[in-house]
Amino acid sequence: MAEKSSAQKNETPHHWLMKSEPSVYGIANLSRDRHTMWEGVRNYQARNFMREMSVGDRVLFYHSNADVVGVVGVAKVRMAAKSDPTQFDARSEYFDAGAKKDDPRWSAVEVEFESKFAVAVTLDDLRGDHALASMMILRKGNRLSVTPVTAGEFAAVMKLARSVAKK
DNA sequence: GCCAACGTTGGC
DNA sequence: GCCAACGTTGGC
């Protein structure tokens, strides 16, 4: 019998944060497409986090290199990590000549749109919340595009989203 | 556009 | 295995 995934083992779902540049693929794109393959991650730590994702895990969608930098909505993991096809596509900017078909180097998950915040939770908002003091994205020098978020951090960001919407 | 803080590469 | 050089990320 195949090994059960963590979701099937009834573990508490995990939470994540994924960065994207809105000029490349933003929350508006995901809202329109409804779901997308998260291709092109070429960092081993970020890849390993994606491999830990289970279907149903919720994801904070973060805009980097943007006019408004911060969390702009929520996505959900629709399909667990599988081989990222772009690593074998010579025409793709993500092509990796060193990747082997029988042992893919890079993975991708599929995410689906859940919601777009009425008002973005900005980086300043995040920094101003003590509940987020140890959030990975706020650590100096952190550049990972995929990071785990604790359940408490996730809830704190959702609370911030409600409070900034009321201002 | 600047630049600090990374991660990766490759010579040794 | 070390580490300088290089490329990239991402806030500002």
Side-chain angles (χ1 to χ4, degrees), chain A residues 14-33 36-53 57-75 77 81-111 113-150 152-154 156-161 163-165 167:
Chain A
H14 292 155
H15 301 83
W16 309 93
L17 181 144
M18 295 171 104
K19 288 182 193 171
S20 192
E21 302 191 18
S23 63
V24 177
Y25 195 90
I27 191 75
N29 300 92
L30 186 61
S31 167
R32 182 197 61 208
D33 298 344
T36 192
M37 280 293 288
W38 207 262
E39 298 166 336
V41 171
R42 294 293 180 269
N43 172 283
Y44 288 104
Q45 261 185 287
R47 179 205 68 181
N48 292 343
F49 286 137
M50 283 204 299
R51 288 181 176 178
E52 290 177 30
M53 292 181 178
D57 283 358
R58 296 171 85 200
V59 179
L60 297 171
F61 196 106
Y62 180 96
H63 279 177
S64 62
N65 271 319
D67 291 341
V68 180
V69 169
V71 180
V72 292
V74 179
V77 176
K82 58 176 193 175
S83 172
D84 179 345
T86 63
Q87 67 193 306
F88 303 119
D89 179 0
R91 289 160 307 174
S92 169
E93 61 176 309
Y94 302 122
F95 177 66
D96 182 347
K100 301 190 184 77
K101 290 259 188 192
D102 56 352
D103 183 22
R105 181 177 288 171
W106 304 111
S107 302
V109 295
E110 190 166 355
V111 297
F113 178 79
E114 181 175 304
S115 65
K116 177 180 185 293
F117 293 158
V119 179
V121 176
T122 66
L123 190 50
D124 277 350
D125 294 331
L126 297 172
R127 289 199 175 117
D129 189 336
H130 287 174
L132 301 176
S134 50
M135 198 175 185
M136 279 187 78
I137 190 112
L138 300 182
R139 287 185 205 160
K140 186 182 177 188
N142 175 57
R143 302 189 313 181
L144 277 181
S145 63
V146 180
T147 50
V149 169
T150 68
E153 288 165 350
F154 189 91
V157 172
M158 297 306 279
K159 189 176 172 186
L160 274 177
S163 78
V164 295
K167 274 193 263 180

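A, B, ... follow the sequence lines: proteins, then strands. Residue 1 opens every chain. Predicted, not measured: the structure shown is a model, and the values here were computed from it.
One can place CG of A:Asn48 at 14 Å from C1' of B:dG7, the figure rounded to the nearest angstrom. Atom CG in A:Leu123 sits about 5 Å away from atom P in C:dC12, given to the nearest Å. Across the protein-nucleic acid pair, A:Met18 atom CE and C:dG10 atom P stand 13 Å apart, rounded to whole Å. Spacing between atom CE of A:Met136 and atom P of C:dG10 amounts to 13 Å, rounded to whole angstrom units. Taking atom CG on A:Leu144 and atom P on B:dT8, their separation rounds to 10 Å, with Å as the unit. When rounded to the nearest whole Å, the span between CD of A:Glu21 and C1' of C:dT8 equals 11 Å. Following rounding to the nearest Å, A:Asp96 (CG) and B:dT8 (P) show an atom-to-atom distance of 12 Å. Taking atom CG of residue A:Leu138 and atom C1' of nucleotide C:dC12, one finds them 16 Å apart after rounding to whole Å.
Between A:Asn65 and A:Tyr44, the residue anchored closer to the 5' end of DNA chain B is A:Asn65, taking for each the nucleotide with the nearest heavy atom.
Considering only the side chain of A:Arg143, B:dG7 comes nearest among B:dT8, B:dG7, C:dG11. Of the candidate nucleotides C:dG10, C:dC12, B:dT8, C:dC12 has the atom nearest to the side chain of A:Arg127. The side chain of A:Tyr62 approaches C:dG11 more closely than any other nucleotide in the set C:dG11, B:dT8, B:dA5.
Residue A:Asp84 forms a salt bridge (charged side-chain N to carboxylate O under 4.0 Å, His left out) with just one option from A:Arg47, A:Arg105, A:Arg42, and that option is A:Arg42.
Contact annotation: the side chain of A:Val69 approaches that of A:Tyr62 to within less than 4.5 Å [non-hydrogen atoms, C-beta and beyond].
The aromatic rings of A:Trp16 and A:Phe49 sit tilted, their planes meeting at an angle between 30° and 60°.
Between A:Lys140 and B:dA5, a side-chain N or O to OP1/OP2 separation shorter than 4.0 Å is present.
No side-chain N or O of A:Thr86 forms a donor-acceptor pair with one of A:Asp89 less than 3.5 Å apart.
In this structure, A:Arg42 reaches neither bases nor backbone, as no heavy-atom distance under 4.0 Å exists between it and the strands shown.
Note that the CD atom of A:Glu110 and the NZ atom of A:Lys82 stand 7.0 Å from one another [nearest 0.5 Å].
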